[in-house]
Protein chains: 2
Amino acid sequence: MKPVFHPDIEDVAPADVFGALADPIRLGILVALSDVNEVDKARCSHFTAFASPSLLSYHFAKLREAGITRMRVEGTSRYLSIRREELNQRFPGLIDSVIETARRDPNLPRLGPEWLSGTVGA
Amino acid sequence: MKPVFHPDIEDVAPADVFGALADPIRLGILVALSDVNEVDKARCSHFTAFASPSLLSYHFAKLREAGITRMRVEGTSRYLSIRREELNQRFPGLIDSVIETARRDPNLPRLGPEWLSGTVGA
DNA sequence: TTCGAAATTCAATGATCGTTGAATTAAACC
DNA sequence: GGTTTAATTCAACGATCATTGAATTTCGAA
């Protein structure tokens, strides 16, 4: 399988990042990722409640091409995570206040409670 | 003259804010405004170096309708400012890290040095 | 009351966006 | 091999976007 393209973080412009954040589904994905980022166990198919598979692919690509997320390929699955260290080095403090802002939005799509309890990776 | 419409800050969604920030010209305006916000002396026509008058009107409206800026009408002129207090109450810390991020972008349009030295309002 | 400056509005353009559904790829497993 | 599962790709659609230039509104000043 061909490895997925990730932009060099230095090539990412602020306007690109904000463009990728200008959508409720993508903000929902970002918040969900921030809840499980340390385990790196967020598979694409875990977000099927957010949208159809093809639409999810589209939104995943937007986040990835804006330098916000990383995608690890493993068999037929793909695992997502936030590029926290690189983002913090390039835009100090930005991603955290973005996530905090998004987390307070009651209108974003959410994952079920099995995510927050860590039942999924067990 | 009819007063300009400003959305209630509670009606502004995070995705709306990020959408308004997804453009280099608007980020340039935001950074410039943050340099002179306390004096409230930023007139629309001061940004003619950024774009044509009609395009500026378009971008000003985007920022205003997303709850980011306020527009004060005075004669034939309009004065812009950032809605800092309201934004900080609704999205704590967000606007500051956004401005800080934008300020570091070397590719945004900039105002001349007479702005930073405060010569304009004199 | 006419003139000019400030800014908006309008119509038009090409580009990108979010979404759908069907077709495709790629790997895992019997 | 054949099937199932995970995810992407593609073509299409209407909607919104950024930009242009010309026409218009609004007010201040001569």
Side-chain angles (χ1 to χ4, degrees), chain A residues 1-6 13-30 33 40-66 68-81 107-109 120-121, chain B residues 1-6 13-30 33 41-66 68-81 107-109 120:
Chain A
M1 185 62 232
K2 56 184 65 171
V4 187
F5 168 73
H6 294 87
D16 299 334
V17 175
F18 295 130
L21 298 172
D23 181 277
I25 293 183
R26 293 197 290 267
L27 286 181
I29 293 169
L30 185 67
L33 286 181
D40 194 27
K41 273 277 184 341
R43 193 161 63 250
C44 285
S45 60
H46 289 139
F47 295 92
T48 45
F50 285 19
S52 72
S54 79
L55 184 52
L56 279 181
S57 269
Y58 169 76
H59 286 305
F60 290 149
K62 283 271 161 187
L63 287 169
R64 179 171 45 79
E65 287 161 11
I68 297 176
T69 57
R70 180 179 287 107
M71 203 170 217
R72 178 170 57 90
V73 180
E74 195 176 304
T76 78
S77 296
R78 281 138 174 88
Y79 292 90
L80 301 180
S81 57
N107 290 92
L108 299 184
V120 174
Chain B
M1 186 61 234
K2 57 183 65 172
V4 187
F5 168 74
H6 293 86
D16 299 334
V17 175
F18 294 130
L21 298 171
D23 181 278
I25 294 183
R26 292 197 291 265
L27 287 181
I29 293 170
L30 184 67
L33 287 181
K41 272 278 183 349
R43 193 162 61 250
C44 285
S45 61
H46 289 140
F47 295 91
T48 46
F50 286 16
S52 72
S54 78
L55 184 52
L56 279 181
S57 270
Y58 170 76
H59 286 304
F60 291 149
K62 283 271 161 188
L63 287 169
R64 178 171 45 79
E65 286 160 11
I68 297 176
T69 57
R70 180 178 286 106
M71 203 170 214
R72 179 169 57 90
V73 180
E74 194 175 305
T76 79
S77 295
R78 281 137 175 89
Y79 293 89
L80 302 179
S81 57
N107 289 89
L108 299 184
V120 174

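Computed from a prediction, not measured in an experiment: that's the story for all the values here. In what follows, chains carry the letters A, B, and so on, assigned in the order in which the sequence lines appear, proteins first and then strands, with residues in each chain numbered from 1.
For the pair Ser77(A) and Arg64(A), both in contact range of DNA chain D, the more 5′-proximal nearest nucleotide belongs to Ser77(A).
Look at Arg26(B) and you'll find a side-chain N or O under 4.0 angstrom from OP1 or OP2 of dA18(D).
Taking all atoms of both residues into account, the shortest heavy-atom contact from Met71(B) to His6(B) is N-NE2, 2.8 Å. Residue Val73(A) comes nearest to Gly75(A) through the heavy atom pair CG1-O, 3.9 Å, listed as atom of the first residue, atom of the second, then distance. Arg43(A) and Tyr79(A) get closest at one heavy-atom pair: NH1-OH, 3.6 Å. Ala66(B) and Ala20(B) make their closest contact through CB-CB, 3.4 Å (heavy atoms, listed as atom of the first residue, atom of the second, distance).
Contacts between residues 48-60 of chain A and DNA chain C, counted as heavy-atom distances below 4.0 Å, involve Ser54(A), Leu55(A), Tyr58(A), His59(A).
Between the CD1 atom of Ile25(A) and the P atom of dC17(C) there is a distance of 15 Å, given to the nearest Å. Phe5(A) places its CZ atom 17 Å from the C1' atom of dT8(D), with the value rounded to the nearest Å. Here the P atom of nucleotide dC17(D) and the CG atom of Asp23(A) are 12 Å apart, to the nearest Å. A straight line from CE of Met71(B) to P of dA7(C) spans 8 Å, rounded to a whole angstrom. Between the CD atom of Glu65(B) and the C1' atom of dA18(D) there is a distance of 15 Å, rounded to whole Å. For the pair Glu74(B) CD and dT26(D) C1', the interatomic distance rounds to 15 Å; values are reported in whole Å. In this structure, Lys62(A) places its NZ atom 16 Å from P of dT16(D), rounding to the nearest Å. Atom CG in Leu63(B) sits about 15 Å away from atom P in dA7(C), given to the nearest Å.
Checked against dT8(C), dA27(C), dA7(D), the side chain of Arg78(A) finds its nearest nucleotide in dA7(D).
Ring-plane geometry between Phe60(A) and Phe47(A) is classed as perpendicular, the angle between the planes exceeding 60 degrees on a 0 to 90 degree scale with a lower cut at 30.
Note that the CD1 atom of Ile29(B) and the NE2 atom of His59(B) stand 6.5 Å from one another [nearest 0.5 Å].
When each of Leu80(A), Ile68(A), Leu63(A) is tested with Leu33(A) by the rule side-chain contact (heavy atoms from CB on, under 4.5 Å), just one qualifies, namely Leu80(A).
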